Amino acid sequence: MTHMNSIVCDHCEAEKVGKACEHLLAKKVGGEYYPSQEHLRNFTGRGIEFILICPQCGERPDHGEPFWRTVCDSCVQDISCGKRLGDFGNPQVLTRQSGLKLVHQAVVLPTCNFRVIAAKPLAPFDAAAWIILTDTHELIEFNACKPSLHLATTISALGLSSDQPITVSVSRNGQFVAVTHTYGRDGVVFDRIKKRVAMRLLRGEYYPEHCKFSAVFFELENRQLLIHATDWNRLDISDPENGSLLTQRTPTSYLQGEVRPPHYLDYFHCGLAISPNSEWVADNGWVWHPVGIVVAWNLRRWLKENVWEAEDGESKKSLCSRSYYWDGPMCWIDNRTVAVWGLGEDDLLLIPGVRLFDVESGVEKFSFAGPIASPSTLPMNVRGKEQTVSHQLGTLAFDRWLFSWQPKGPFSVWDVNDGARLLIESDFAPLSYHPGTKTFLSQLVDGTFRLSTIHENL
Ligand SMILES: [Zn+2]
Ligand SMILES: [Zn+2]
């Protein structure tokens, strides 16, 4: 009889293992890979353990254990490339009665005839104000305390086309708004105070459809600064006040036949997140295979000591890598801890959950199962051809607790100290969280707005 814990595939020295039923382990004679097979993922309810099982075992998942075999992790990944028919059970999720509840309050406004696509909180943070992007391609300042709407600008006035997804990012003091084609090459910075375009952003032509346009503000010594992609493998820092470039350095790309430049970086920069104290940036990008790699480096060092910090600086750490998965949900927990969605190392086997990394050491501190996010596809015109581009849905935000939600729900609240779920609401999917007023903004089906707050019944 085969011992349950010994590796039955050809890779008996493997450090990482998983499990599959023996019916999925038949290879064609002389074949290196498994044939593409229908299978199911059976969570045992013990931590995040699962077994890949064949459809026949799937008819009686509780009786299949005699057929379970231990194989190496890459064999598990290989089998998972076949068609997944579904999941049985769930990873183990810790829950705790916390007395938390959501309290909603309607915002009374004259009727508005648009849908909000995105909302970003605006400073000063003592007022519940947002800048919202509408489906009528306008940027509107929305004050929920003294309910009012005020047109800031339109996408066409910014000189951008409105035929593709758009991302909005706001400086900490609320003065500057970066508006970018999320999967395109163009963007602008709008100055809300001077009512003018402060900068034009361009990031080149090399596969932008697979990366969110990197453009995010941070505040260092009372200056509002912008990190923005200027090529697929290059980020720069500019001062949006006067458009000056603060990370002047030699080219980071080269053409066939040219000499590879020093500090060359083989990495597609994607969505960025800045630590609360503006000391660190985390980047959700990828490299060819493709494999997503979350990295982080120190902004003060980049700006003051080493212009190559984003390429190969001392503070730069790789936090985790996942085959075929990048630009998923990510947020900061404190000034040195970043939360990254997804447990595991392969897109087909990612388990809903969150991993916490210390950016100074690069070490994973804790992880827990539960928070949900899901992939989606977007139809897009790419270099003149209609294509679908993969795109990760879901948001993580942190303010004492970790909040997780996606456009069709659920919304959930987590304690990152022990990974316990404190609250789950299936039909709540806010547009944005405002850290100043601790409120979530939603737009209801009839167009009205709602503010929601988490209350604690002690
Ligand atoms: Zn089986
Ligand atoms: Zn193997």
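Read the numbers this way: they start at 1 and go in the same order the structure lists the ligands and their atoms. This structure is a prediction, so every number in the text was calculated from the model and none was measured.
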Assess whether a salt bridge exists between D186 and R200, defined as any Lys/Arg side-chain N lying under 4.0 Å from an Asp/Glu carboxylate O.
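Here D186 does not pair with R200 in a salt bridge, since their nearest N and O are not under 4.0 Å apart.
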
Which protein atoms of type N, O or S are found under 2.8 Å from the Zn ion (ligand 1)?
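The answer is C21 SG, H23 ND1, C54 SG, C57 SG.
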
Among residues two or more places apart or on two chains, list those pairs meeting side-chain hydrogen bond (donor to acceptor under 3.5 Å, both in side chains) that have a residue in residues 266-277.
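For residues 266-277: H269-D283, S275-N277.
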
Only pairs at least two apart or in different chains count here, so list each side-chain hydrogen bond (donor to acceptor under 3.5 Å, both in side chains) that has a residue in residues 7-16.
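The answer is none; no pair qualifies.
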
Before you tell me yes or no, could you show the steps for Y324 and H289 under ring pair (Phe, Tyr, Trp, His ring centres under 6.0 Å), namely the whole-Å CA-CA distance, both residues' side-chain angles and the distance that decides it to 0.1 Å?
CA-CA 8 Å; Y324 293 88; H289 154 32; 5.3 Å; yes

Under the 6.0 Å and 45° cation-pi test, does R383 pair with Y207?
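Yes, a cation-pi geometry holds between R383 and Y207.
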
Whether Q406 side chain and G394 backbone form a donor-acceptor pair below 3.5 Å:
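A pair under 3.5 Å: no.
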
Donor-acceptor pair, distance only, cut-off 3.5 Å: does the side chain of S404 make one with the backbone of S412?
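Absent.
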
Sole residue of V168, V177, V116, T167 in side chain to side chain contact (heavy atoms under 4.5 Å, CB included) with L133
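Going through V168, V177, V116, T167 one by one, the side chain to side chain contact (heavy atoms under 4.5 Å, CB included) with L133 is satisfied by V168 alone.
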
Just checking, is any N or O donor in the side chain of T337 or K365 under 3.5 Å from an acceptor N or O on the other one?
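Yes, a side-chain donor-acceptor pair sits under 3.5 Å.
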
For a distance under 2.8 Å, give residue and atom name for each protein N, O or S atom next to the Zn ion (ligand 2).
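You should have found C9 SG, H11 ND1, C72 SG, C75 SG.
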
